[in-house]
Amino acid sequence: MIAVKISLNSIDKVKSFVNDISGINAEFDLVSGRYVIDAKSIMGIFSLDISKPIDLNIHTEENNEEIMAAIKPYLAE
C-alpha cells in the first residue's frame, strides 16, 4: 500500500483527478477522519471536506511509477 496526502481544493481538480486515476488498475481510497471513500467516485469525494489535504491510500502491488506520475499534480506539499 502507498499512502500520500493530496490536495483537491477545486471542482476542476476533483474532476481531473478522477479522470486520471479511473484507467489505473488499482484500488484508491480517500481517508478523511473516520470516513473512507472510493477515490474514483466524484460524488464520494464531494462528501468530504476538500478545503484541506486528504489522505490517499493506494492498494496495489505494481504500476507504482504509473500511479505516482498520474497523481503527482495533486500531491500536497
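These figures come from a predicted structure and were not determined experimentally. This chain uses plain numbering: 1 for the first residue, then up along the sequence.
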query = Taking all atoms of both residues into account, what is the closest heavy-atom pair of Ser47 and Ile37, and its distance?
reply = OG-CD1, 3.9 Å

remark   = Rounding to 0.5 Å, atoms OG (Ser22) and CZ (Phe28) come to a distance of 9.0 Å

query = Would Ile2 and Asn57 count as a side-chain contact (heavy atoms from CB on, under 4.5 Å) if you check the C-alpha gap in whole Å, the side-chain angles of each, and the deciding distance to 0.1 Å?
reply = CA-CA 6 Å; Ile2 303 168; Asn57 294 335; over 6 Å; no

ask   = Which distance, rounded to the nearest 0.5 Å, do you find between the CD of Glu61 and the CE of Met1?
value = 11.5 Å

message = Please determine whether the number of non-hydrogen atoms from other residues, nucleotides or ligands lying under 6.0 Å from atom CE of Met43 exceeds 12.
response = no

query = Any side-chain donor paired with an acceptor under 3.5 Å for Asp49 and Ser51?
reply = yes

message = Taking CZ in Phe46 as the centre, count heavy atoms belonging to other residues, nucleotides or ligands within less than 6.0 Å. Is the count above 12?
response = yes

ask   = Between the side chains of Ser16 and Tyr74, is a donor N or O closer than 3.5 angstrom to an acceptor N or O?
value = yes

Flag side-chain contact, heavy atom, 4.5 Å: Asn9 against Ile50 = no

ask   = Under the side-chain contact (heavy atoms from CB on, under 4.5 Å) criterion, do Ile21 and Lys40 qualify, and how do the steps go?
value = CA-CA 7 Å; Ile21 67 167; Lys40 294 181 180 180; 3.8 Å; yes

ask   = Is Thr60 close to Glu62 at the side-chain level, that is, under 4.5 Å between some pair of heavy atoms?
value = yes

message = Membership question, hydrophobic clusters at under 4.5 Å side-chain separation (ILVMFWY): are Ile6 and Val31 in the same one?
response = no

ask   = Atom CD in Glu66, atom CG in Asn25: separation rounded to 0.5 Å?
value = 9.0 Å

Identified side chain to side chain contact (heavy atoms under 4.5 Å, CB included) partner of Asp29 from the options Val36, Asp55, Leu56 = Val36

task = Kindly indicate whether the side chain of Ile58, heavy atoms from C-beta on, has any atom under 4.5 Å from the side chain of Glu27.
result = no

message = Within the supplied structure, the quantity of interest is the number of heavy atoms (other residues, nucleotides, ligands) at a distance under 6.0 Å from Leu75 CG; does it exceed 12?
response = yes

inquiry  = Checking the side chain of Ser32 only, and the main-chain atoms of Tyr35 only, is there a donor and an acceptor separated by less than 3.5 Å?
reply    = no

inquiry  = So, taking the atom named CD1 in Ile45 and the one named NZ in Lys15, what distance separates them when rounded to the nearest 0.5 Å?
reply    = 12.5 Å

